[in-house]
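Excluded from the calculations below are hydrogen atoms, water molecules and symmetry mates; all remaining heavy atoms, backbone and side chain alike, are included.
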Amino acid sequence: MQSRKQRNLWTQSVLTLVLLLPGILPVPTAPAQVPPTGRLLYDKLAKTQRDYQAAMATGDSEQVAQACYDMGKRYGAFGEYVTAENWYVRSLRIREPHGPSEVIGKTYLRLSENWMRQKQYQSAMRCARLGMSNVRIVNSKHGIMSAYIVLAGVHQMGWKVNRENPGSISGASLDSSLYYFGQAERLALKLNKPLDIGLVYYCKGEALMLKGSRQALPYLKKSYAIQQSLKQAYGIMNLSIELAECYLSLKQPAKAKVWLDQAAIVRDTTRHGEYWQNSLLEETYAKLYQQTGNWQQAFAHREKYHDYQLASLNADREGAMSRIATQYESEKKEIALKAQQKHLDTQKRLTLLATLLALLFGVACVLLFLLFRKYRRISEYNARLVKEQNHRAKNNLQSITNLLGLQSNRLTDPAARKAVEESLMRVEAMALVHRRLYDSDHLAEVDLMQFIPELVEGVLRSYSLGDIQPLYSLSPIWLRADVAINLGLLLNELVTNACKYALPHHPAPVLEIGCQEEKGRILLWFSDNGPGFTPTVAGNSFGMKLIDIITKKLNGKGKFETEKGCHFTLSFDVKPSFVLQ
């Protein structure tokens, strides 16, 4: 047998070797500012960190191993499973050379739970079996019971993964899970510890519920009674929600609501609910109201569920950021204590550099201001030029309109006069675009919400149909002038066609025009309640050919329907200058 001195020397050497192994993370520091919700987890982590540092100072391997195990639990609670695994492995490396023990078995069971949360079946099963092997060697009844629970959980996790991805895991089943829960139940009853019995009943009831067995209810209710007798608010909430889920699976929403209301009362009176418990409660409420068809309440609870999920993520983020900030501040203080003079010299250099940068920044600001004034003058000058260009284009088009009008009055041939009048309206459609450009503050954009009614009503007045009130469905879309001109010419042809063949011959004429923007596409539709036309005959007219040319120019898709009037739809891709949602 080794002497005590030799054993301590050997332990110290193993401890030193373990702590110097590569890949082991540095000791994290406690968060400087802990979020209000979930403070208990952060407080536990801070205390465990202090215990670890105290254990390292003593050099006692057992204390260090226990501190590493506790650190694994804390990081596992935060969901940082890789970091938790590293701490568990450190604990095992210190303890395993001494032979099997209950604490080694407990550590392997914790590792198995860690792998279960990551849905790694093979790793979870290997660690669970190693844990069972250790507790059986030392004949720890409580450890064996815990190992049975973990083994049951591994099989249950594997069954769930198989249900999502059939055939991905072999050997996992709910029957195996229930077998191990049965073994755990037998040992828990022998040990006669209410908390352990309640846990086994809860786990077994959940497994039975997954299998669809009505035996889940008695187990869950027995677990609930134990938690209530122990006044465990955390457990009472869990069991109430689980019972509600069970009744929902049995299509008994009224009984499910009783248990959910009980969970809500416990939460509100004890203020014990954590993020995940509150989110689970709201999610189950949403399922309840979905089952009863109360969609408004279901939607409200689903929104609360998402709020809790978001709050949980924010709390985790703040906690991680506070830990990083604390570590940064701690390292900064250590550097300051070790190299104070160097820090002062660096500060002087930084001050000088900051002064130079400030001067450069001031010079840059002056230069930028001068450039801004210069380019603003250029921009204003260009704006005046564009406005003058629009004005001249408007005047030139107006002159062309006047000349065509004079020429039309002198023509005696009806066909020629009709062609000139139609050309006159097409020129007026183009002139309207430039008139709107000149009259508005937008130099190269046209508001379709004002342009389309003005164009349509101008054509109606030309045919003495100004008393007709078109029905508009328009979105406030701004388009480039070239696109607006093409759209105006096309709409001019459609309205002209309606004025000649549809509206005058109908006792109750109706004209509908709409223009909307949907997912980057402009959708224009036109409809009248006239007699329609034969596409083969209409396709030979100049107006129809012009519509086809404009449709192709816009890279759009146009479609005519002639049943119960003339109906035309056009859609084309365009990037509007500005679209109001």
#### Entry: Interatomic distance, N238 atom CG to L280 atom CG [nearest 0.5 angstrom]
7.5 Å

### Task
Check E102 against V138 and note the closest heavy-atom contact, atom names and distance.
N-CG2, 3.9 Å

### Task
Mind running side-chain contact (heavy atoms from CB on, under 4.5 Å) on K304 and L281 for me, showing each step along the way?
CA-CA 10 Å; K304 290 181 182 179; L281 178 62; over 6 Å; no

#### Entry: side-chain contact (heavy atoms from CB on, under 4.5 Å) evaluation trace for E185 with F181
CA-CA 6 Å; E185 180 184 0; F181 278 136; over 6 Å; no

### Task
Answer yes or no: is there a side-chain heavy-atom contact under 4.5 Å between E164 and K119?
yes

### Task
Evaluate the side-chain contact (heavy atoms from CB on, under 4.5 Å) criterion for residues W115 and E85: first the C-alpha distance (whole Å), next the side-chain angles of each, then the deciding distance (0.1 Å), finally the verdict.
CA-CA 9 Å; W115 285 116; E85 180 190 357; 3.4 Å; yes

### Side-chain (N529) to main-chain (V510) donor-acceptor, under 3.5 angstrom
yes

### Task
State whether the side chain of Y148 and the backbone N or O of M132 hold a donor-acceptor pair below 3.5 Å, judged by distance alone.
no

### Task
Give the intermediate values and the outcome of side chain to side chain donor-acceptor pair (under 3.5 Å) for residues Y108 and E96.
CA-CA 11 Å; Y108 272 117; E96 280 191 315; 2.5 Å; yes

#### Entry: Short side-chain to backbone donor-acceptor contact, N134 and L130, under 3.5 Å
yes

### Query
Rounded to the nearest 0.5 Å, how far does CG of L448 lie from CD1 of I477?
6.0 Å

#### Entry: Donor-acceptor under 3.5 Å (N162 side chain, I169 main chain)
yes

### Message
With a 4.5 Å cut-off on side-chain heavy atoms, are Y52 and T48 touching?
### Response
no

Can you list, pair by pair, the side-chain donor-acceptor contacts under 3.5 Å of residues 248-263, counting residues two or more places apart and other chains?
residue : atom : partner : partner atom : Å
S249    : OG   : C246    : O            : 2.5
K257    : NZ   : D261    : OD2          : 2.9
D261    : OD1  : Y285    : OH           : 2.5
Q262    : NE2  : Y224    : OH           : 3.3

### Query
In terms of side-chain geometry, is the basic nitrogen of K211 or D175 positioned less than 4.0 Å from the acidic oxygen of its partner?
yes

### Message
Main chain of Y81, side chain of N114: is a donor-acceptor contact present, judged purely on distance under 3.5 Å?
### Response
yes

### Task
For the pair S133 (side chain) and R129 (backbone), establish whether a donor and an acceptor sit closer than 3.5 Å, ignoring hydrogens and angles.
no

### Query
Taking side chain as C-beta onward, heavy atoms only, is V135 less than 4.5 Å from S146?
no

## Note on the structure
To the nearest 0.5 Å, atom CG of L151 lies from atom OG of S112 at 7.0 Å

### Task
Indicate whether the side chain of Q66 and that of R95 have a donor and an acceptor atom separated by less than 3.5 Å.
yes

#### Entry: Worked verdict on Q183 versus R186 for side chain to side chain donor-acceptor pair (under 3.5 Å)
CA-CA 5 Å; Q183 297 297 317; R186 178 178 57 81; 2.9 Å; yes

### Query
Between E282 and R267, is the closest basic N to carboxylate O distance under 4.0 Å?
yes

### Query
Can you check side-chain contact (heavy atoms from CB on, under 4.5 Å) on N555 and D573, steps first, answer last?
CA-CA 7 Å; N555 293 321; D573 288 319; over 6 Å; no

## Note on the structure
Shortest non-hydrogen pair, I149 vs A184, comes out as CG1-CB, 3.7 Å

#### Entry: Geometric cation-pi criterion R302 and F299, 6.0 Å radius, 45° cone
no

### I522 side chain reached by F572 side chain, heavy atoms, under 4.5 Å
yes

#### Entry: Distance, nearest 0.5 Å, that separates OH of Y88 from OG1 of T83
11.5 Å

### Task
State whether the side chain of Q516 and the backbone N or O of S473 hold a donor-acceptor pair below 3.5 Å, judged by distance alone.
yes

### Query
Taking side chain as C-beta onward, heavy atoms only, is Q291 less than 4.5 Å from K287?
no

### Message
If you compare all heavy atoms of S223 against all heavy atoms of Y202, which two are closest, and at what distance to 0.1 Å?
### Response
OG-CB, 3.5 Å

### Message
Looking at every heavy atom in both A65 and S91, which two are closest together, and how far apart are they?
### Response
O-OG, 3.0 Å

### Query
Under 6.0 Å from the CZ atom of R521, do we count more than 12 heavy atoms belonging to anything else shown?
yes

## Note on the structure
Heavy-atom closest pair (A244 atom, T284 atom, distance to 0.1 Å) is CB-CG2, 4.3 Å

#### Entry: pair R110-E113: side-chain heavy atoms closer than 4.5 Å
yes

#### Entry: Value rounded to 0.5 Å, distance of OG1 in T107 from OH in Y69
5.5 Å

### Query
How are the rings of H155 and Y121 set relative to one another: parallel (under 30°), tilted (30 to 60°) or perpendicular (over 60°)?
perpendicular

### Query
Are any of the side-chain heavy atoms of L217 and Y247 separated by less than 4.5 Å?
yes

### Task
Any chance you could measure M125, atom CE, to M157, atom CE, to the nearest 0.5 Å?
8.0 Å

### Query
Hey, is the main chain of A172 close enough, under 3.5 Å, to the side chain of S176 for a donor-acceptor pair?
no

### Query
For the residue pair Y75 and W87, does the interplanar ring angle fall in the parallel (under 30°), tilted (30 to 60°) or perpendicular (over 60°) class?
parallel

### Task
Could you tell me which non-hydrogen atom of A188 sits nearest to which non-hydrogen atom of I197, and how far apart they are?
O-CG1, 3.5 Å

### Message
Counting C-beta onward and ignoring hydrogens, is there a side-chain heavy-atom pair between K141 and K190 closer than 4.5 Å?
### Response
no

### Query
Can you check whether G293's main-chain N or O pairs, donor with acceptor, with Q290's side chain at less than 3.5 Å?
no

